[in-house]
Amino acid sequence: MSDTVIEVSGVSKAYGGVIANKDISLTVKDGGITGLIGPNGSGKTTLFNSIVGYHPIDGGSITFQGREISKLPVQQIARLGLLRTFQQTRIYGKMNCVDNMLISIPQRRATFRDMFAPRDRESIEKSEGLLEFVGLYEKRNLIAGDLSFGQQKLLEFAMALMNEPKVLLLDEPTAGINPTLINGLIDRLNRANTEFGITLLVIEHNMRVIMNMADKIYCLAHGEMLASGTPDDIQNNQDVIDAYLGAH
């Protein structure tokens, strides 16, 4: 069997006359950590949205575990085990952390009544265990909106883990986080990869972070693939250096 879990082949996406992605191809290996970098406006988030089904692509192919998913709805893609987090956290700010965890389970979101169904002990224990994993156990009963932005990102990460994803797409996980929390977050991302076996695809502007985490890195610029390779390859690629420094 192939060790490729996601394959993006020749994907293009335009909004009106603006080309956000042009003929993008990349592969994500099962069990690894793949980085996606590029200057602002290079098309990284658009590509993420295409992979998880938030909008249709104009051309190309996206497969997950060998299955074409580019025409599937978001919910069906999520049920296959492909989830993403966002630059701005998507939590339920007026609920406590445990309730956020419970409501993140897809079947509890089916109807309004399901959202407030009696909570079973197994789900609560799983929620608390994952909150402990991300360092929020002591805050499990606090209202999520009262957490710091960094803690909210940790909560969103735990909510994603609640669904036991096969692949998790992380959109700038360290952005806006207090530097004192970044090393702890990186450690938990690495542990989710090694201990839970979750494959990660990570958009990240913090070059130190992505260079230390990723097995392979892709770099976009102006909606096109600029370079790909190991962290060492990328750090020494003059095209990448020029793109970030604004050279012409």
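Every value quoted in this text rests on a predicted model; they were computed, and no experiment measured them.
The cluster map of Ile, Leu, Val, Met, Phe, Trp and Tyr, joined by side-chain heavy atoms under 4.5 Å apart, puts M162 and I124 in the same cluster. Linking Ile, Leu, Val, Met, Phe, Trp and Tyr residues whenever their side-chain heavy atoms come within less than 4.5 Å leaves L154 and Y137 in two separate clusters. Put simply, F48 and Y54 are part of the same group of oily side chains (I, L, V, M, F, W, Y) that touch within less than 4.5 Å, one to the next.
You'll find the side chain of Y218 stays beyond 4.5 Å of the side chain of L226, heavy atoms only. The shortest distance between side-chain heavy atoms of L131 and V98 falls below 4.5 Å. Looking only at side-chain heavy atoms (C-beta outward), L169 and I203 stay at 4.5 Å or farther from each other. Between K13 and I19 there is no side-chain heavy-atom pair separated by less than 4.5 Å. With a 4.5 Å cut-off on side-chain heavy atoms, T174 and E204 count as touching. The shortest distance between side-chain heavy atoms of K29 and T199 does not fall below 4.5 Å. A 4.5 Å side-chain heavy-atom check between I182 and L185 finds every atom pair outside the cut-off. Using a 4.5 Å cut-off on side-chain heavy atoms (C-beta onward), L155 and M101 make contact.
When atom types are taken as modelled, the side chain of K153 and the backbone of A175 share a donor-acceptor pair closer than 3.5 angstrom.
Partner of I77 under the side chain to side chain contact (heavy atoms under 4.5 Å, CB included) criterion, chosen from I62, L83, L72, I51: L72. Applying side chain to side chain contact (heavy atoms under 4.5 Å, CB included) to C97 and the options L147, I91, L102, I143 leaves one that passes, L147. Applying side chain to side chain contact (heavy atoms under 4.5 Å, CB included) to S42 and the options I37, L47, N21, L220 leaves one that passes, L220.
When only modelled atom types and interatomic distance are considered, T45 and D171 share a side-chain donor-acceptor pair under 3.5 Å. For the 3.5 Å distance criterion, the side chains of D233 and T230 qualify, holding a donor opposite an acceptor.
With a 6.0 Å radius and a threshold of 12 heavy atoms from other residues, nucleotides or ligands, E122 has its CD atom at or below the threshold.
A cation-pi arrangement is absent between R67 and F64 under the rule of less than 6.0 angstrom and at most 45 degrees off the ring axis.
Ion pairing of E156 with R84 is absent here, as no side-chain N (NZ or NE/NH1/NH2) approaches a carboxylate O to less than 4.0 Å.
Between Y15 and H55, the ring planes are perpendicular. Angles over 60° get that label, and only those under 30° would be called parallel.
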What verdict does the salt bridge (Lys or Arg N to Asp or Glu O under 4.0 Å) test give for K126 and E164, after you've listed the backbone C-alpha separation in whole Å, the side-chain angles of each residue and the deciding distance to 0.1 Å? CA-CA 11 Å; K126 181 179 179 180; E164 300 180 359; 2.9 Å; yes
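Between atom CE of residue M213 and atom CG of residue N193 there is a gap of 7.5 Å, rounded to the nearest 0.5 Å.
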